Amino acid sequence: MTWAIIQKSAAERAAATLTDEVREAFTWETARAMLDGFPDGALNIAHEAVDRHVASGHGADEAILWLGKDGERESLSYGDLATRTARFANVLKSHGLQAGDRVFGLAGRVPDLYVAALGTLKAGMIFSPLFSAFGPEPLRTRLEIGEADALITTASIYRRKIAAWRDEIPSLKLVLIIGDEAPEDCVALGPAMAAASERFETVRTRPEDPALFHFTSGTTGRPKGAVHVHDAVVMHAAAGRYALELTPGTRYWCSADPGWVTGTSFGIISPLVNRVRMVIDEADFDLERWYGLLEREKIEVWYTAPTAIRMMMRAGKEAAASHDFSQLRFMASVGEPLNPEAVVWGNEVFGRPFHDNWWQTETGGIMIANTRAMDVHPGSMGRPLPGIEAGIVARVDDGLRECPPGEIGELALRPGWPSMMRAYLHEEARYKKCFVDGWYLSGDLAMRDREGYFWFVGRADDLIKSSGHLIGPFEVESALIEHPAVAEAAVIGLPDETAGEVVKAYVALNPGFEPSEDLERDIRGLARKKLGAAVAPREVVFRKTLPKTRSGKIMRRLLKARELGLPEGDISTLESDET
Ligand code: ATP
Ligand code: MG
């Protein structure tokens, strides 16, 4: 299936931050020059994201516009952030915490959480974000794996999910509760902040000092705790500028929750390092709220995810028609494959396409992207950012070989960029297995075309082999959602005596459509026409929703395990799941 290329005008290309000349001239040294640094090579993310802007005369500029669930608004300048994060760092110190200690964040998208993340880094401590919607078990496992010294959360979350076993985590010395009151053996953040000094000398961390622990989404199995260092900020600065078009003063909205890596790297650090004016929305997805926010707050750059885009598509173009999105200049998507239909839909509704980009918790920052100056090939993830060498490789007996254009293989990266993980917590063997022959293996399958664009095929575990064909679930799912009734699709392979494997699909329907045998036949018919009989699903099952992780990724392995009567494995990050 090929879709028309969306070409960029000469004016659009010229307006891009990553022109061909900039791409050519790029070195990691030029990226470093976007930052301040401290004497003797010390580097601290919080300084780069906050304090240096105050020092250069931008203390009064708006850093964050926070939109509360119930319509509250709070504006924080870079100066406000500087003093609040200093106070937070002092609170941590006053409770005996030291540089290198681990502070976990567990709250909804409220300003104190953002202050805590940056204040922790300022104090030279390690910040680790958790999803506030996680249940007690996933929280406990992560606090244990990360050997948490401190936790910042809310009274309600603490009572419901933590209090019962808090004493069983011996490392946990301090629990800070957002607000003015706290349960016994916790500390209320409000009074502690008020009593703390607003002067704090940012700890002179080394570039290789750990800064962040990020747990992976758990899509393919037990989540891993990736360790990131302060040097990652070099990537955050460059990727924000070049892949997301973040420039000083840009009105920016990243709809990802800081509970996962996108919401931290590109929902806190990268935008602030690039001195934007960012919006934080406390509420979850709501169609009218989102359209209203984009329009009213005059969002210029918007970073979101395929799952949200598909929800918008589900509501139809008409729902967007009454809004004015003319101020939007760049939209990007990450987290899952972005179906070509969604790219084209975005182009029609917003007047510009969604720019897909690819990266992982492990890579710490965007690796492959459709940038503003590039023509968009719907369905493609784009090309590697400058400084990033990506390849397609296949395993051979004594190592790896590189695949030529057009051949499917594993997506691999040459290690050496600043935001690469430095370890998986307590899992050295699993970490080491990621590196072969000088490549980092991503676990994703992809293809590169002659123009250097990369195309996602599927997770290595999800590839289907049927009658001699290699079938990527993404291709089949994209064909299925072209059917007007289909909102979302997940495809797996099931063992079959003659074909080896056959394709089975699960779909969620758009409003106004009801499951029926006729509809099933019709959807299969369309898939056969687009993909051919060998690749099209044999069976299509209707579901209310597809099983997804908290970060919005479809968990195909769960559908498959159930189908085969196998154990479900780690489902600590499972969010929605209605049959
Ligand atoms: P786990 O590693 O625990 O199984 P996960 O891989 O889903 O979970 P993340 O690091 O949050 O955890 O997600 C990275 C993965 O998301 C990538 O390896 C890829 O499979 C998928 N992904 C991210 N962006 C894209 C994209 N633009 N197109 C296709 N897939 C993407
Ligand atoms: Mg992964």
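It should be emphasised that the depicted structure is a prediction, and the values quoted were computed from it without experimental measurement. All ligand and atom numbering here is 1-based and tracks the order in the structure. For the single chain, residues carry numbers from 1 onward in sequence order.
A side-chain contact (heavy atoms from CB on, under 4.5 Å) with Pro223 is found for exactly one of Ile145, Asp570, Thr141, namely Asp570.
Of the protein's non-hydrogen atoms, the one nearest atom 26 (C) of ligand 1 is Glu336 O, 3.3 Å. Nearest non-hydrogen protein atom to atom 19 (C) of ligand 1 is Asp444 OD2, 2.9 Å. For atom 13 (O) of ligand 1, the closest non-hydrogen atom on the protein side is Lys553 NZ, 2.8 Å. Looking from atom 6 (O) of ligand 1 to the surrounding protein, the closest heavy atom is Arg459 NH1, 2.8 Å. Of the protein's heavy atoms, Pro337 N, 3.1 Å lies nearest to atom 29 (C) of ligand 1. Nearest protein heavy-atom contact of atom 10 (O) of ligand 1 is Thr361 OG1, 2.5 Å. Of the protein's non-hydrogen atoms, the one nearest atom 7 (O) of ligand 1 is Thr219 OG1, 2.4 Å. Here the heavy atom of the protein found nearest to atom 11 (O) of ligand 1 is Ser217 OG, 2.7 Å.
Ionic pairing of Glu477 and Arg310 is not present here: no N-O contact between side-chain nitrogen and carboxylate oxygen is shorter than 4.0 angstrom. Using a 4.0 Å cut-off between charged nitrogen and carboxylate oxygen, Asp281 and Arg109 do not count as a salt-bridge pair. Electrostatic pairing of Glu488 and Arg314 does not count as a salt bridge here, judged by no charged N lying under 4.0 Å from a carboxylate O.
Close N/O approach between Met381 and ligand 1 is not found [any backbone or side-chain N/O within under 3.5 Å]. For ligand 1, the polar-atom distance check against Thr220 finds a nitrogen or oxygen pair separated by under 3.5 Å. Distances between N or O atoms of Gly335 and those of ligand 1 include at least one value under 3.5 Å. At least one N or O atom of Thr216 sits closer than 3.5 Å to an N or O atom of ligand 1. The shortest N or O to N or O distance between Ser551 and ligand 1 is not below 3.5 Å. Every N/O-N/O distance between Ser442 and ligand 1 stays at or above 3.5 Å. Looking at ligand 1, you'll find an N or O of Gln360 within less than 3.5 Å of one of its N or O atoms.
Aromatic ring centres of Tyr303 and Tyr252 lie farther apart than the 6.0 Å criterion allows. The aromatic ring centroids of Trp302 and Phe354 lie less than 6.0 Å from each other.
Within ligand 1, counting atoms from 1 as listed, the ones closer than 4.0 Å to a heavy atom of Asp356 are 26 (C), 27 (N). Each of the following atoms of ligand 1 lies closer than 4.0 Å to a heavy atom of Lys224: 1 (P), 2 (O), 3 (O). Listed by atom number, the atoms of ligand 1 under 4.0 Å from Val334 heavy atoms are 24 (N). In the vicinity of Asn357, heavy-atom distances shorter than 4.0 Å reach the ligand 1 atoms 24 (N), 26 (C), 27 (N).
Pairs passing the salt bridge (charged side-chain N to carboxylate O under 4.0 Å, His left out) check and including a residue from residues 209-228, sequence neighbours excluded, read Arg222-Glu427, Lys224-Glu362.
Side-chain contact annotation: Ser217 with Ser551, donor-acceptor N/O pair under 3.5 Å present. Looking only at atom types and distance, the side chain of Thr304 has a donor-acceptor partner in the side chain of Ser255 under 3.5 Å away.
Among all heavy-atom pairs drawn from Phe266 and Cys254, the shortest one is O-CB, 3.5 Å.
Counting heavy atoms under 4.0 Å from ligand 1, residue Trp359 touches it through the backbone alone.
By the salt bridge (charged side-chain N to carboxylate O under 4.0 Å, His left out) test, Arg140 is found to be paired with Glu144, Glu168, residues two or more places apart in sequence or in another chain being considered.
Of the possible polar contacts, one joining the Arg352 side chain to the Phe350 backbone as a donor-acceptor pair under 3.5 Å is found.
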